[in-house]
Structures are given as C-alpha cells and as structure tokens.
Amino acid sequence: MKHTPTIRAELDRYLQQEGLSMTEFGHIAGMNRGVVSAIVSGNKSMSVNQLDLITEAMGLPEGHFYDLFIENYIIDHPPNMRRIEPFLFRCAELDKLDAIRRVVGAIMDNLLYSPKLFEIAEELLVQGRHKAALLLYEGVAEAERYQHSERLAVCQYRIFTIQIGDDQSQNVRVAAVFEAFVERLDEIEQLDALKDLANVYRSLRKWDKVDEMARQMRAKAVIQYSFVHNEQHKDGTLEKKTRGPLFGYIAYADLLCASVCEARGDYQQALQYTYAYADLDWVKEDDEDTKHWMNLFSQWAEGNTYVYKLLSGDINVLHDYVEYIVATSETNENEKISKLLNVIIAANQYSIDVDDILKRFETLIGTFSQQLSSDDMYTRQVIPDYIAWFGYELGFYFLHRGKYIDGFKYLMNAMVKSHIINNETYFINCMGLFVRFQAHAVPETKAEYFNLIERVWENNVQKSGTSNHCG
C-alpha cells in the first residue's frame, strides 16, 4: 500500500535537514513557535494562509504543497468549509485549476455543500476568475442535475455565459444545452437569458431560433411590464432587476424579428417590425435611463428603415443612409461595422459604385479588426461575425472591380477571422472567391493563401485526432 506523505512530515524533515529549531523557523515564517510545534506534532490542522507562510519560508514555489493539503486536510477529513473556502480562492488566484477540480470532486457527493460552492463561484465570477468559477458551477450542476432547482438553472446560465467564445461550432452545442434550462430561471432572469441566447443564435445565423427566442422574450416581457404598471398593483415592483429597462426587451424583440425577416429577404415585414419598435409612445416611464434607451431605439429604427429600403432596391436612400452613419458614428462603437456592412452588401447586390463612401470611412474601416472586449453577448458574438462577413463582402467588391491588391487583402483577413470563429460557411465562401480570382493574385498572396489552408488543415487534423500521414 502506497504511503501518502504529509505536509507536517515534509516540514519536520526540512527542520532537521537545515538544523533549525521551531522557534527559528517560526521567526522566518512569521509564525509563533507554538503553532509550528502543533503543526509538526499533528495536534493542529493548518489554514491555507499558514501553509503559504511555511512554503515561502522553505523557499518553495507558491502552491507547492496544495496537492498534499487536499490529501491531508480535505480528503482525509470531514469537509470543513471554513478551511476549504479560502483554499479555493487561493487556488483561483494562482490558477491552480486541477486543485480546484480535485476539491470539488472530493466534497460534492454531499448536496449540503452546493449552496456554499455556488456562492464562492459567484464571487469568483465577479472577480473575473472565470475558469475557476466554471469548475465550481459545473460541480454544483452535476451534483444537482436531478434536483430541478433554480440554482441548477443559474449554474447552467453561468456555464453558458463563460463557455460562449470564438468557436461557433462549440457555441451551437453550448446554447443547445442551456436552452433547456431557461424556463427554470427566475421570470426576470429569463428575459436576459433569452436575449443572450437570441444574440448567440443571431451570430450563428440560426434564424428560426432567433425568431423563437425573440417571441418568447417579448411575451414574457409584456407580462412583466403589465404587472409593474397594473392599476391594481400601484406598488408593483420586481424583486430582481433586468440588465436593461423592462420596456427595452419588448422593443428589442421586435428588432430581432426584423433581423430575421431581413435574413429571409422579407424587407417589407422587416420594416413593419422596425416601425413597431420606433413607436414607443406606450412606454410609461420618463426617467433619464428610459429616455436614453428610447433615443437608441429611435436611432436604430431610423437607420434600419434606410437599410431595408436600400436592400429592397431603393438606391435613392443611400445618400441619406450615409449621412445618417456620419451623424451617429460617435454614439455606439458596435454599430459602425453593421452600418457599413449594409452599404457594401447593397453595393454588391445592385452593382453600386461606393468607392467614395469607402474612402470617406477609410480610417474607420481600418479599426474593424480590433475586437472590443465586453460582457455583452451582442458585442462578443454578433460583432465578430460581422467583421468576418464585412471582410468577405469588401473583398468581393474590390475583386469584381479589378482592385486586386485591396480585394485579396480583405479576403485574406476575412478567411483568418472566419477560421478564428470556426465559421465554415464564411471560410468556404472565401476559398471559392479566391479560386475565382486566383489568376490575379501575386505569388506572395498565393503563398499566404496556401499557408493558411495548410494551417487550418493541420488544426483540423489535431482536433479530430486523425493522422496527417506525414513521415
């Protein structure tokens, strides 16, 4: 039987090896002799703070004894959250994810520990330690998988939020798993969950799902808004607050439905939804935050009205739309790329010369590859999709006009971005466009293209675990 070493045995061996008394070592570690003696004799357990002091005094790296700490004081003892909680926070601070995983595995057989681990995960999330928080959420979710509790649903919401990233194929799976838990959330939190899901599906261009999430969000928001303003419930207040104003979820649902119609080419129906969220006379609040959001919806409606007319073939609105872009360019960084994307889509669809417009926004276009960091799901998911799409459309525009240097530059940028977000459709479209115009590519551009294709192939081989048959 293998004997598990102990921290106290390691400390005792160190004292003998260095010829240090407990008093001398206590001075080095900043601990009194009695504490050192009690730890060495095994009469006292130790805290993670004491362990860190001992480790530093022995000249060892931070966290050196953490695996032994788990063996000696967590696995071999009844779980003590007063000891475990600070240990988990310290492991998160040092990015000791394997240690966190072991602790969770050791104690989560008992559901009594779920509430505390959930609280710790929430605090880690606030601190921005997402990887550590994810392990705790997953542990609680696994332990409570048969409980049908609201805490389980919140854990799944947090897991969804953390795991959504650049890889769109993974995002499909993550969204599908979380969607089954939305109805178990608090009625107010459901609104934010549905909005986040809608934006993820929007980036994935799964328009049936966007439509479904939007309609559910609108119906639930209408109920909550009616409750708050019910004449029989003058003091009607919501126990939880939504991230944005309540009326905004109703208006945003109409905006999402308009985007679904746009994707399906039904621009007239898209206009009807746009007119709906432009007309907010029914909103009862009049505070500054409400006015701010009403102004935003008004701006979005104005711009999208131009867009749907333009995409339906009314080229006469192009000038007004461009002036609208100029007038609103300082309001929202996230909207700039979508506005110019609409211009280039219309240009390619109706063979419009927009060279002057592109020159006017040359500096702005140069910033589109700089992804903004944000917790907002629209910024995290929809904007990267637009960046890849914009690069493809711009490459298409220049290549078809014989401007091959610019065309291949934007096309290659679009291919790289499409690979990063794992959007196979965009990537294949870029490949097809390159093949169509490859006779006009200089040798350096061809080399760049084939090097990218080879890197993508090698990455796919590694992910799939198949052999590339190289010697």
Side-chain angles (χ1 to χ4, degrees), residues 1-129 131-140 143:
M1 182 176 177
K2 185 179 179 180
H3 177 68
T4 302
T6 63
I7 296 173
R8 65 185 184 86
E10 294 291 323
L11 176 56
D12 188 38
R13 186 180 302 112
Y14 176 82
L15 294 178
Q16 294 182 34
Q17 177 182 309
E18 299 296 322
L20 292 172
S21 68
M22 294 184 187
T23 301
E24 290 170 331
F25 181 80
H27 284 312
I28 296 172
M31 303 165 64
N32 65 57
R33 181 193 181 284
V35 172
V36 177
S37 176
I39 290 173
V40 172
S41 66
N43 294 326
K44 175 180 171 52
S45 62
M46 73 176 74
S47 67
V48 66
N49 180 57
Q50 291 170 334
L51 176 60
D52 286 341
L53 292 174
I54 290 171
T55 303
E56 183 180 4
M58 293 173 67
L60 297 170
E62 288 183 305
H64 179 79
F65 288 124
Y66 279 13
D67 284 337
L68 279 184
F69 186 85
I70 295 171
E71 293 284 349
N72 298 168
Y73 297 106
I74 295 178
I75 293 177
D76 292 344
H77 288 74
N80 183 331
M81 291 308 297
R82 286 183 296 179
R83 181 185 304 121
I84 292 173
E85 180 177 0
F87 180 68
L88 289 174
F89 278 113
R90 186 67 176 128
C91 286
E93 185 179 342
L94 297 179
D95 206 29
K96 296 279 187 180
L97 300 181
D98 285 340
I100 295 176
R101 194 177 287 109
R102 288 189 67 199
V103 172
V104 173
I107 71 174
M108 282 313 297
D109 287 341
N110 191 332
L111 282 174
L112 292 176
Y113 301 110
S114 287
K116 189 60 183 178
L117 280 189
F118 177 76
E119 289 179 14
I120 296 171
E122 293 282 81
E123 179 58 32
L124 289 173
L125 189 67
V126 171
Q127 294 177 4
R129 304 189 189 281
K131 291 181 180 179
L134 177 61
L135 293 175
L136 299 187
Y137 288 128
E138 289 177 333
V140 174

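The first residue of the sequence shown is numbered 1, and numbering continues consecutively from there. Atom set for the values below is all heavy atoms of this structure, side chains included, hydrogens, waters and symmetry mates excluded.
Closest non-hydrogen pair, G26 versus V36, comes out as CA-CG2, 4.1 Å. Closest approach of M108 and V140 over heavy atoms only: CE-CA, 4.2 Å. For the residue pair A133 and L125, the shortest heavy atom distance occurs at CB-N, 4.0 Å. Heavy-atom minimum distance, N32 versus V35: OD1-N, 2.8 Å. When all heavy atoms of L53 and G30 are compared, the pair lying nearest together is CD1-O, 4.5 Å. A pairwise comparison of heavy atoms in A106 and I75 identifies CB-CG1, 4.0 Å as the closest pair.
In this structure, the side-chain hydrogen bond (donor to acceptor under 3.5 Å, both in side chains) partners of E85, at least two apart in sequence or on a different chain, are K116. Residues satisfying the side-chain hydrogen bond (donor to acceptor under 3.5 Å, both in side chains) criterion with E62, sequence neighbours excluded, are R90. With sequence neighbours left out, the ring pair (Phe, Tyr, Trp, His ring centres under 6.0 Å) criterion links F69 to Y73, F87. T55 is linked by a side-chain hydrogen bond (donor to acceptor under 3.5 Å, both in side chains) to nothing, counting only residues two or more places apart in sequence or in another chain. Shown here are the side-chain hydrogen bond (donor to acceptor under 3.5 Å, both in side chains) partners of Q50, two or more places apart in sequence or in another chain: there are none. Scored by the side chain to side chain contact (heavy atoms under 4.5 Å, CB included) test, A121 finds L136, Y137 as partners (sequence neighbours excluded). Residues satisfying the side chain to side chain contact (heavy atoms under 4.5 Å, CB included) criterion with D12, sequence neighbours excluded, are Q16, V40. Take D67 and apply the salt bridge (Lys or Arg N to Asp or Glu O under 4.0 Å) test, not counting sequence neighbours, and it matches R102. The side chain to side chain contact (heavy atoms under 4.5 Å, CB included) test applied to S37 returns M22, R33, not counting sequence neighbours. Remark: D98 pairs with R101 by the side chain to side chain contact (heavy atoms under 4.5 Å, CB included) rule, at least two apart or across chains. Considering only residues two or more places apart in sequence or on other chains, E10 meets the salt bridge (Lys or Arg N to Asp or Glu O under 4.0 Å) condition with R13.
In this structure, CD in E71 is found 10.0 Å from CD1 in I74, a value given to the nearest 0.5 Å. Note that the CZ atom of F25 and the CD1 atom of I39 stand 8.5 Å from one another [nearest 0.5 Å]. Atom CG of L124 sits about 8.0 Å away from atom CG of L88, to the nearest 0.5 Å. Here the OH-CE distance, from Y14 to M58, works out to 6.5 Å after rounding to the nearest 0.5 Å.
The side-chain hydrogen bond (donor to acceptor under 3.5 Å, both in side chains) analysis of residues 18-29, with sequence neighbours excluded, yields the pairs S21-E24.
No side-chain heavy atom of L68 sits less than 4.5 Å from a side-chain heavy atom of T6. No side-chain heavy atom of Y113 sits less than 4.5 Å from a side-chain heavy atom of I84. No side-chain heavy atom of N72 sits less than 4.5 Å from a side-chain heavy atom of R8.
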(request) Run the numbers on F65 and D52 for side chain to side chain contact (heavy atoms under 4.5 Å, CB included), then give the verdict. (result) CA-CA 9 Å; F65 288 124; D52 286 341; over 6 Å; no
(request) Dump the intermediate steps for side chain to side chain contact (heavy atoms under 4.5 Å, CB included) on R129 and E123, then the final yes or no. (result) CA-CA 9 Å; R129 304 189 189 281; E123 179 58 32; over 6 Å; no
(message) Between M81 and I120, does the side chain to side chain contact (heavy atoms under 4.5 Å, CB included) criterion hold? Intermediate values first, please.
(response) CA-CA 11 Å; M81 291 308 297; I120 296 171; 4.1 Å; yes
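No more than 12 heavy atoms of other residues, nucleotides or ligands lie within 6.0 Å of CD in E56, so this atom counts as exposed by the packing criterion.
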